[in-house]
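Notes for the one structure printed next.
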Amino acid sequence: MAYADQQMSSRKIVAIGLVVLLHAIIGYAFITGLAYSVVKKTMADLKTFDVEEAPPPPEEKPPPPPPEQKVEPPPLVTPPPIVRSPVVVAAPMQMVREAPPVVITPTAPPAPPPPPAPPAPKLASPASPRGNPGSWVTSDDYPSRALREEKEGVTGISFDIMPDGRVANCQVTSSSGTPELDQATCTNFVRRARYKAAVDDAGKPMQTSASQRVRWEIPKD
């Protein structure tokens with residue numbers, strides 16, 4: 001019984017499909033025919049005409065080219081040589097200051113010549129030592145350092161004998177080779193030496209110079 005129902009349902013579906021397809025074909029035919037009649041009627045009502053195109057204007061021929069004219073080249077003219085004139089450079093201007101006015105001052109009269117210097121006094125009597133010059137520098141004056149180092153030598157000195165007979169401005173003229181001995185010579189000579197001053201021709205004592213040599217020897221025991 002179920003199989004029979006299923007078979008009947010399939011037949012119904014096929015039948016319905018055929019009916020639908022038939023209706024579609026009829027509708028398509030109806031619509032197509034109606035549209036064709038409407039188009040045909042519209043084309044009959046329209047008035048058509050052909051538009052003829054105007055012919056193109058005749059082409060104008062171009063004018064012939066003018067005859068060629070021979071152009072002669074201009075004559076070759078050599079330009080005159082360029083003469084360069086020397087450039088004159090003006091010297092820079094310099095400001096010249098005016099010189100100040102010249103002031104003329106009267107010259108002073110020449111000074112009178114100085115009076116002649118008095119004549120130098122003439123030595124009438126030279127200086128002479130007072131006492132024994134050997135006692136002015138003795139072995140007791142030996143510097144301790146020079147004595148330890150056993151230094152010996154001869155010191156030459158020069159000095160001034162003042163009008164009062166004292167010695168001043170002692171200077172070493174020849175060294176003994178030991179500074180301590182040279183210094184001891186001048187120190188003791190200035191301290192102990194005494195002279196009878198020299199006298200000029202007017203009988204006045206005057207300053208004179210003298211020199212002396214002192215030998216330094218270590219005393220032998």
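Atom set for the values below is all heavy atoms of this structure, side chains included, hydrogens, waters and symmetry mates excluded.
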Spacing of [X] atom [atom1] and [Y] atom [atom2] [to the nearest 0.5 Å]:
X    : Y    : atom1 : atom2 : answer
Y142 : I218 : OH    : CD1   : 4.5 Å
T208 : D200 : OG1   : CG    : 11.5 Å
L181 : R215 : CG    : CZ    : 12.5 Å
T187 : E180 : OG1   : CD    : 11.5 Å
S209 : Q171 : OG    : CD    : 10.0 Å

Query raised in the report: With distance as the sole test, does S135 use its side chain to make a donor-acceptor pair with the main-chain N or O of G131 at under 3.5 Å?
Result: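 Not at all, since once roles are kept as given, no pair shorter than 3.5 Å links the two residues.
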
Requested in this report: Check whether any side-chain N or O of S174 sits under 3.5 Å from a backbone N or O of G156 as a donor-acceptor pair, and report yes or no.
Outcome: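 Judged by distance alone, yes, a pair lies under 3.5 Å.
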
Neighbour count above 12 (heavy atom, 6.0 Å) for [X] [atom1]:
X    : atom1 : answer
R191 : CZ    : yes
R194 : CZ    : yes
E150 : CD    : no

**Report entry** Pair W216, S139: side-chain N/O donor-acceptor within cut-off below 3.5 Å
**Finding:**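 There is no such pair (donor and acceptor under 3.5 Å, judged by atom type) between the side chains of W216 and S139.
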
Query raised in the report: Which pairs, with at least one residue in residues 127-212 and sequence neighbours excluded, count as a disulfide bond (SG atoms under 2.5 Å apart)?
Result: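 Checked against disulfide bond (SG atoms under 2.5 Å apart) - neighbours excluded - the pairs reaching residues 127-212 are C170-C186.
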
State, yes or no, whether a side-chain contact exists between [X] and [Y] at a heavy-atom distance under 4.5 Å.
X    : Y    : value
M206 : L123 : yes
R192 : D141 : yes
Q207 : D160 : yes
I157 : Q212 : yes
S176 : V154 : no
M162 : V167 : no

Locate the shortest heavy-atom distance separating [X] from [Y]; write the atom from each residue and the value.
X    : Y    : value
T173 : S158 : CG2-OG, 3.6 Å
A146 : T178 : CB-CG2, 4.3 Å
A198 : A127 : CB-N, 3.6 Å
P163 : A197 : O-CB, 3.2 Å

Query - Same apolar cluster (I L V M F W Y, side chains within < 4.5 Å links), I161/V199 - result: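 No, separate clusters.
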
Query raised in the report: Angle class for the Y195/F159 ring planes (parallel below 30°, perpendicular above 60°, tilted otherwise)?
Result: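 Rings of Y195 and F159: tilted, 30 to 60°.
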
